[in-house]
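Each chain gets a letter, A, B and so on, in the order the sequences are listed, and its residues count up from 1.
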Amino acid sequence: MTGAGWFIMVVSISSVMGLLAFSLFKILNLPAIEAEENIQSQPFIDTHDTVDAD
Amino acid sequence: MAQGSKRKSPEQWGSRIGVILAVAGSAVGLGNFLRFPGQAAQNGGGAFLIPYFISLLLLGIPLCWAEWTMGRYGGSKGFNSAPGIFSAIWRNGLAKYAGALGVMIPLVIYMYYVVIEAWCLGYAYNYLTGALQMGAQPEAYSNFFNQFVGVESNGFLYTGGHSQVLGFIVFTFLLNFILVYRGVSKGIEAFCKWAIPVMAISAVCVLTRVLTLGTPDPSRPEQSVLGGLGFMWNPDFEALKDPKTWLAAAGQVFFTLSVGFGVIINYASYLNRKDDVALSGLTASSMNEFFEVCLGGMITLPAAFIFLGATAGSFGTFSLGFNALPNVFALMPGGQFFGFLWFFMLFLAAVTSSLSMLQPAIAFLEEGFELKRHASVAVLGLITAIGAGFVVFFSEGLVALDMFDFWVGTLLIFVLGMVQVFLYGWVFGIERGEVELHQGAHIRVPRLVQYILKYVSPLFLGAIFIAFCINNVPNYIETISRNPVALLSIFFLLLILGFVGLLAHIAHKRWVQEGRFQDMAIPGKHSAEKVLP
């Protein structure tokens, strides 16, 4: 493993994990009210996936 | 004259993380673990990551955002299928036919992807039973693969004693359809919510095993963990002077994010207008990159190099996955367990992807013809069973699978990607696009991205497409001319294309008669109100 190889590997992995960490951090820290508004308004969503299947 | 009506789909995601995991699951597949490492090794190793990340920023993520935005917009107009969404965006007679690609592509990909998925499950099963622990005998693994998938001759798998894989195909087929029958929330989302974490944990276990291998063969000190990592990551900057490297990198980014598959646009259509797509799209993309760069890039090729040496870089996707790696697990301490874990993880990755390929067609049948779920699943099951049966029967040399993968799973995806970037940048418009993208957004996407989508991405994608055609199409044309199975595969694909196009035509007529487009503003004439602080 060369120095350039280490550099590229570390930068690539760090960049991706940093981006993922940023994204997940933003999502997990969404304000509670906004979070509820941005998912369905009901606590349990009956999507009627199969009820009227016939 | 009938008033415009907006049919609202009863299907919706149950949670934000659910849709993100579903899109990530759609994107994360065999390519993350098998195709990416091979592409990197053949195109300059670590140097490959330079054009890769440039393509990610100029093509991949912007196109993802565009597809998420258009999908949610189409959903707000009552459409969940690409023909409907495209027709809502582009009031042109061609829109429905362009959208038909968004139904056909995932449909056809499913037909062969489910077969590969069954291979993964079959390999996991055979590791569990010990049948794949055949010691250090490369030919044994090659013969096992050939027999297992029927490479020897057409119809091989339907002959006695060679039909084990058929059982796995039936099982995976049923699993996919049971989950998709249960719907977006109870089926796809529910499955992805546990499958993605299990995949991540399994991959990390295998990664830990690989990184602790040390130097298994003291007589070959260069074949060590560091040597394996170096094989993958040491850069050959000379490769950057070769246009093929840039082509390979851009192509890999395009495919890995599942852009142009017709899936993201369908998944996003089940979001509400106020649901965020900016942060969700970025999160799903970064999840995919985590599996690709951080896991795929650290496991497959280093492990193969440690035990097989430099020949590890010469394998294609299937060879690497189903020939090279079994040799690796045979030599690895605890190889039976890790082999099972690896192929079970690949199976989960494949299922989350194949599930996503069924939903666009389900949505189309339901909204285009008002079929209920039972009926649409039954129709889709029949069509895909015929297609998968075609692929399984014509298994000699995997010609049918290869033809489906090239013409639909590669070429047509480029076409749909270009259609989508054209729609977003030049029909929907970047002014409107920016407003739509930021509806409910939890992050601010730089304005620069809009200009990239309008001017840079089309040129970039067009250049890749032309170069790809020049490099590959002549060979496949030649194959069609001399191989009857290849020719038959083309006829089959054209039949499906014509059939889906006809359905799109009929569905569109029904929508017009129902007045589904009457209350829609003409894109471009709608004022782009500012929604950001």
Side-chain angles (χ1 to χ4, degrees), chain A, chain B residues 9-20 45-50 52-53 181-187 189 225-235 237 270-272 274-276 279-280 282-287 289-290 292-294 297-298 372-377 440 442-443:
Chain A
M1 191 76 164
T2 64
W6 275 112
F7 178 78
I8 289 177
M9 185 180 80
V10 170
V11 168
S12 297
I13 291 174
S14 301
S15 301
V16 171
M17 295 202 63
L19 184 63
L20 180 61
F22 164 78
S23 302
L24 291 177
F25 176 80
K26 291 283 282 185
I27 283 177
L28 294 174
N29 283 282
L30 282 174
I33 294 174
E34 279 191 43
E36 285 182 15
E37 286 175 351
N38 280 286
I39 62 175
Q40 310 315 312
S41 58
Q42 303 153 22
F44 172 72
I45 311 304
D46 182 0
T47 57
H48 299 288
D49 288 335
T50 57
V51 166
D52 61 346
D54 290 320
Chain B
S9 167
E11 297 268 37
Q12 287 172 332
W13 298 104
S15 63
R16 168 180 304 286
I17 199 67
V19 65
I20 291 170
F48 181 75
L49 276 297
I50 296 173
Y52 181 87
F53 280 114
Y181 175 76
R182 288 173 59 83
V184 164
S185 178
K186 291 180 182 174
E189 181 177 341
V225 171
L226 285 181
L229 290 175
F231 187 72
M232 173 70 196
W233 293 96
N234 287 342
F237 292 111
Y270 297 113
L271 293 170
N272 276 339
K274 291 182 182 176
D275 287 333
D276 163 85
L279 180 58
S280 299
L282 185 66
T283 306
S285 299
S286 59
M287 274 192 188
E289 293 309 309
F290 168 73
E292 178 140 305
V293 176
C294 304
M298 298 288 285
K372 298 296 183 185
R373 185 153 288 264
H374 274 151
S376 58
V377 167
H442 292 291
I443 57 171

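The distance from the CD1 atom of A:Ile8 to the CZ atom of B:Phe53 is 10.5 Å, given to the nearest 0.5 Å. The distance from the CG atom of B:Leu282 to the CG atom of A:Leu19 is 4.5 Å, given to the nearest 0.5 Å. With rounding to the nearest 0.5 Å, the separation of CE in B:Met232 from CE in A:Met9 is 10.5 Å. With values rounded to the nearest 0.5 angstrom, B:Asn234 atom CG is found 10.0 Å from A:Trp6 atom CH2.
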**Request:** Begin from the C-alpha positions of B:Tyr52 and A:Ser12 and carry the test side chain to side chain contact (heavy atoms under 4.5 Å, CB included) through to its verdict.
**Result:** CA-CA 10 Å; B:Tyr52 181 87; A:Ser12 297; over 6 Å; no
**Request:** Just do the side chain to side chain contact (heavy atoms under 4.5 Å, CB included) check on A:Leu24 and B:Met287 with the steps written out, would you?
**Result:** CA-CA 9 Å; A:Leu24 291 177; B:Met287 274 192 188; 3.9 Å; yes
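Here A:Ser23 is the residue among A:Ser23, A:Gly5, A:Ala4, A:Ser15 with the most heavy-atom pairs under 4.5 Å with chain B. Put simply, of B:Ile50, B:Leu279, B:Ile20, the one with the most heavy-atom pairs under 4.5 Å next to chain A is B:Leu279.
Looking at B:Leu49, the atoms closer than 4.5 Å to chain A (heavy atoms on both sides) all sit in the side chain, from C-beta outward. Heavy-atom distances place the side chain of A:Phe22, and not its backbone, under 4.5 Å from chain B.
Taking each heavy atom of B:Cys294 and A:Met17 in turn, the nearest pair found is SG-CG, 3.6 Å. Listed here is the closest heavy atom pair of A:Val16 and B:Ser286: CG1-O, 4.2 Å.
A heavy-atom distance below 4.5 Å is found between the side chains of A:Thr2 and B:Pro235.
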